[in-house]
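These numbers were taken from a predicted model, which means no experiment stands behind them.
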Amino acid sequence: MHIGFIGLGVMGQPMALRLARSGTPLVVWNRTPARAEPLRAAGAAVAADPAGVFARAEVVILMLADDLAIDSTLGRGTPDFAARVAGRVVVHMGTTSPGYSRDLEADVRAAGGRYVEAPVSGSRVPAENGRLVAMLAGDEASVDAVRPLLAPMCSETFVCGAAPNALVMKLSVNLFLITLVTGLSEAYHFADRHGLDRRLFLDVLDAGPMASGVSRMKAPKLLARDFAVQAAAHDVLKNNRLVAEAARKAGLASPLLDVCHALFEETVTLGYGGEDMVAVLRAIEARTEDAPGS
């Protein structure tokens with residue numbers, strides 16, 4: 001059985017490479033053709049367009065940036081949509097609003113296809129190492145069919161019930177990640193501006209109960225001012241907006257998230273949206289420089 005994979009960006013390319021190198025028969029497509037060349041070298045077939053992927057694959061994984069990219073790829077709202085999804089399982093692994101996913105599932109089912117949400121927790125390095133954590137939602141038979149296919153990419157998979165529960169779970173995880181990395185960056189800035197040995201501060205942090213996989217990945221980047229992207233600040237801002245939107249729709253307060261939202265907006269406005277999320281440090285530094293008496 002061929003598996004289709006569409007969307008070979010920062011996350012999608014290493015994920016698809018994990019599949020190809022595991023021996024999964026794979027057919028891929030990406031809007032920028034050069035991104036597909038490493039997949040071709042790894043043995044995957046490269047389709048000329050999205051229709052070529054659906055023509056050859058029974059399960060098609062989408063790792064796309066947003067709902068507009070998904071709708072365009074699927075031909076949603078056109079006669080091409082039913083032709084592509086009928087008889088196939090569409091696996092949505094990106095991050096969109098839960099409401100969008102709920103509506104997409106209804107359309108896929110109405111067109112004779114099946115649908116599984118499978119957003120992942122993790123950034124580029126876990127994607128390269130097959131250490132992502134997937135959250136799955138959909139009808140039981142479809143989830144059972146898709147779950148083993150994710151093994152080369154994901155060290156853990158969790159079934160969350162019906163869609164859009166997986167995306168709600170992903171947004172919950174993202175809320176913690178965003179506030180965690182922002183807090184780490186602010187603490188680093190606080191220690192640095194008080195003249196502490198920055199490496200010593202990070203060693204103390206790493207030795208104590210606040211240490212985590214996230215701090216151990218992001219702390220060295222702060223120390224080296226290494227803003228090479230693992231999870232881009234503009235993507236974090238997009239995710240922040242999705243969480244905030246979901247919170248507002250549910251009538252929930254999100255005070256920490258709202259502060260982070262403002263900081264990531266400032267990070268992007270300052271021109272650092274393409275850098276790693278630890279570039280939020282730049283927005284914190286900018287606020288310090290603008291503070292009275294600084």
Side-chain angles (χ1 to χ4, degrees), residues 9-11 65-66 95-97 121-126 168 170-294:
V10 170
M11 292 288 289
D66 53 34
T95 306
T96 61
S97 73
S121 178
S123 57
R124 178 178 55 81
V125 172
V168 176
K170 171 65 187 294
L171 295 184
S172 302
V173 170
N174 277 2
L175 195 162
F176 181 51
L177 172 65
I178 292 166
T179 56
L180 182 66
V181 172
T182 305
L184 172 64
S185 301
E186 184 173 332
Y188 178 84
H189 176 68
F190 180 86
D192 178 33
R193 293 304 174 99
H194 275 85
L196 297 183
D197 181 310
R198 291 168 293 178
R199 184 179 295 278
L200 179 61
F201 163 68
L202 294 175
D203 287 345
V204 171
L205 176 67
D206 194 54
M210 287 78 71
S212 67
V214 171
S215 68
R216 288 171 177 152
M217 182 177 292
K218 297 303 185 184
K221 293 178 72 63
L222 288 167
L223 184 64
R225 294 189 72 85
D226 169 18
F227 300 113
V229 68
Q230 294 172 339
H234 57 66
D235 290 331
V236 174
L237 178 58
K238 182 199 82 169
N239 288 336
N240 200 316
R241 287 171 175 155
L242 290 172
V243 180
E245 176 187 308
R248 299 296 89 80
K249 286 185 176 179
L252 303 177
S254 54
L256 292 179
L257 181 76
D258 296 344
V259 171
C260 296
H261 196 158
L263 285 166
F264 275 97
E265 281 187 332
E266 291 165 28
T267 304
V268 172
T269 299
L270 288 167
Y272 304 119
E275 296 185 344
D276 188 71
M277 66 186 299
V278 294
V280 72
L281 175 67
R282 298 186 187 273
I284 296 167
E285 290 172 338
R287 286 200 185 190
T288 291
E289 299 307 321
D290 291 341
S294 62

- Criterion side-chain contact (heavy atoms from CB on, under 4.5 Å) against Ser97, the qualifying member of Leu171, Val168, Asp66, Leu242: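 With Ser97 as partner, Leu171, Val168, Asp66, Leu242 yield a single side-chain contact (heavy atoms from CB on, under 4.5 Å), made by Leu242.
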Atom [atom1] of [X] and atom [atom2] of [Y]: how far apart are they, to the nearest 0.5 Å?
X: Leu180; Y: Leu256; atom1: CG; atom2: CG; result: 11.5 Å
X: Lys221; Y: Met277; atom1: NZ; atom2: CE; result: 11.5 Å
X: Phe264; Y: Thr269; atom1: CZ; atom2: OG1; result: 13.0 Å
X: Arg287; Y: Leu263; atom1: CZ; atom2: CG; result: 4.5 Å
X: Asp192; Y: Leu202; atom1: CG; atom2: CG; result: 10.0 Å
X: Ser121; Y: Leu177; atom1: OG; atom2: CG; result: 7.0 Å

May I ask you to test the [X]-[Y] pair for a side-chain heavy-atom distance under 4.5 Å?
X: Glu275; Y: Val229; answer: no
X: Asn240; Y: Asp258; answer: no
X: Phe190; Y: His194; answer: yes

- Identify, with sequence neighbours excluded, every residue that meets side chain to side chain contact (heavy atoms under 4.5 Å, CB included) alongside His189.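 Partners of His189 by the side chain to side chain contact (heavy atoms under 4.5 Å, CB included) criterion, ordered by chain and then number, come out as Arg193, Leu281, Ile284, Glu285, Thr288.
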- Those residues that, when tested against Ala211, pass side chain to side chain contact (heavy atoms under 4.5 Å, CB included) (two or more places apart):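 Ala211: side chain to side chain contact (heavy atoms under 4.5 Å, CB included) contacts with Asp206, Ser215, Arg216.
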[X] and [Y]: which non-hydrogen atoms are nearest, and at how many Å?
X: Ala231; Y: Asp276; value: N-OD1, 3.0 Å
X: Asp197; Y: Arg199; value: OD1-N, 2.9 Å
X: Val280; Y: Ser185; value: CG1-OG, 3.5 Å
X: Tyr188; Y: Phe201; value: CA-CE2, 3.7 Å
X: Pro126; Y: Met217; value: CD-CE, 3.9 Å
X: Ser254; Y: Arg248; value: OG-NH2, 2.7 Å

Between [Y] and [X], does any NZ, NE, NH1 or NH2 come within less than 4.0 Å of an OD or OE carboxylate oxygen?
X: Glu266; Y: Arg282; answer: no
X: Arg241; Y: Glu245; answer: no
X: Asp226; Y: Lys218; answer: no

- Using a distance-only test with no angle check, is there a side-chain donor-acceptor pair under 3.5 angstrom linking Thr95 and Lys170?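 Judged by distance alone, the side chains do pair up.
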